[in-house]
Amino acid sequence: TTTDRMLSHEPRTPKRMHNSELAMLIELAVTSRDVAAARRAQLATGLAQAQAQLQLLQGYARDYQRRAQTTLTQGVDVAAQNNLRAFTAKLQQAIEAQRLEVQRRTAALAAAEDELRQMHMRVKSMQALAERRLAHARRHLARLEQKTNDELAQCGREGPLAPSEW
């Protein structure tokens, strides 16, 4: 690309990364960022599903509690009352397990968001480095062009070259 050609005028030193290496690192960082973004989106979807499941279980518990109250006020035998209490207890266990799952997924999503923020910063800093290098290369090229123009202007003041000087 034009940018790579302009940057290739820069001297390479052992301490300084070559521009093609930097471009490759930027590409890898962008790919990693995109993977992190996809993972974050997947975790957000999973969290939303877990929250919906929790709300559904809580709705079942409320409905069942109302039905149980109605049934108990109408008078039922002891076995039916024990079945109602056992089912309510299992439903509460399921709700608690789902709450824990929502908490786990919330923590996983927060970690994925942190990772994604770090990936964004990494890509941004690498791109800033590449832009600084490009600006440096452009300044260097402009100085070379100015020097060449100055030398040509100096030759022009000394008069035209004779054919023997060509």
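Values below: all heavy atoms of this structure, side chains included; hydrogens, waters and symmetry mates excluded. One-based numbering along the sequence shown.
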Compare all side-chain heavy atoms of [X] with those of [Y] and state whether any distance is below 4.5 angstrom.
X      : Y      : answer
Thr106 : Gln103 : no
Thr88  : Gln65  : yes
Gln118 : Arg122 : no
Asp150 : Gln154 : no
Glu21  : Leu25  : no
Ile95  : Gln92  : yes

Correct closest heavy-atom pair for Ala61 and Leu91 would be CA-CD2, 3.4 Å
Residues Arg40 and Leu116: closest non-hydrogen pair is CD-CD2, 4.1 Å
Across all chains, not counting sequence neighbours, the side chain to side chain contact (heavy atoms under 4.5 Å, CB included) partners of Gln51 are Leu47, Val102
Tyr64 OH: over 12 foreign heavy atoms closer than 6.0 Å:
yes
Q.
Surrounding CD of Glu27 (heavy atoms of other residues, nucleotides or ligands, distance under 6.0 Å), is the total greater than 12?
A. no
Are [X] and [Y] linked, directly or through other ILVMFWY residues, by side chains that come within less than 4.5 angstrom of each other?
X      : Y      : value
Tyr60  : Leu84  : yes
Met119 : Leu28  : no
Leu109 : Leu100 : no

Atom pair [atom1]/[atom2] of [X] and [Y] - distance to nearest 0.5 Å:
X      : Y      : atom1 : atom2 : value
Arg67  : Phe87  : CZ    : CZ    : 8.5 Å
Thr148 : Glu151 : OG1   : CD    : 6.0 Å
Leu134 : Leu129 : CG    : CG    : 11.5 Å

message = Quick one: does any side-chain atom of Arg105 pair with a main-chain N or O of Leu43 as donor and acceptor, under 3.5 Å?
response = no
> Are any side-chain N or O atoms of Gln98 and backbone N or O atoms of Ala50, one a donor and one an acceptor, separated by less than 3.5 Å?
Replying inline: yes
Q: Would you mind checking if Arg39 and Glu115 are paired as a salt bridge, meaning a charged N to carboxylate O distance below 4.0 Å?
A: yes
Self-check item: Arg117 bridged to Glu113 by N-O distance under 4.0 Å
Solution: no
The complete set of salt bridge (charged side-chain N to carboxylate O under 4.0 Å, His left out) pairs with one or both residues in residues 89-99, sequence neighbours excluded, reads Glu96-Arg99
**Message:** Please evaluate residues His18 and Leu22 with respect to the criterion side-chain contact (heavy atoms from CB on, under 4.5 Å), reporting the C-alpha separation (whole Å), side-chain torsions for both, the decisive distance (0.1 Å), and the verdict.
**Reply:** CA-CA 6 Å; His18 194 271; Leu22 178 59; over 6 Å; no
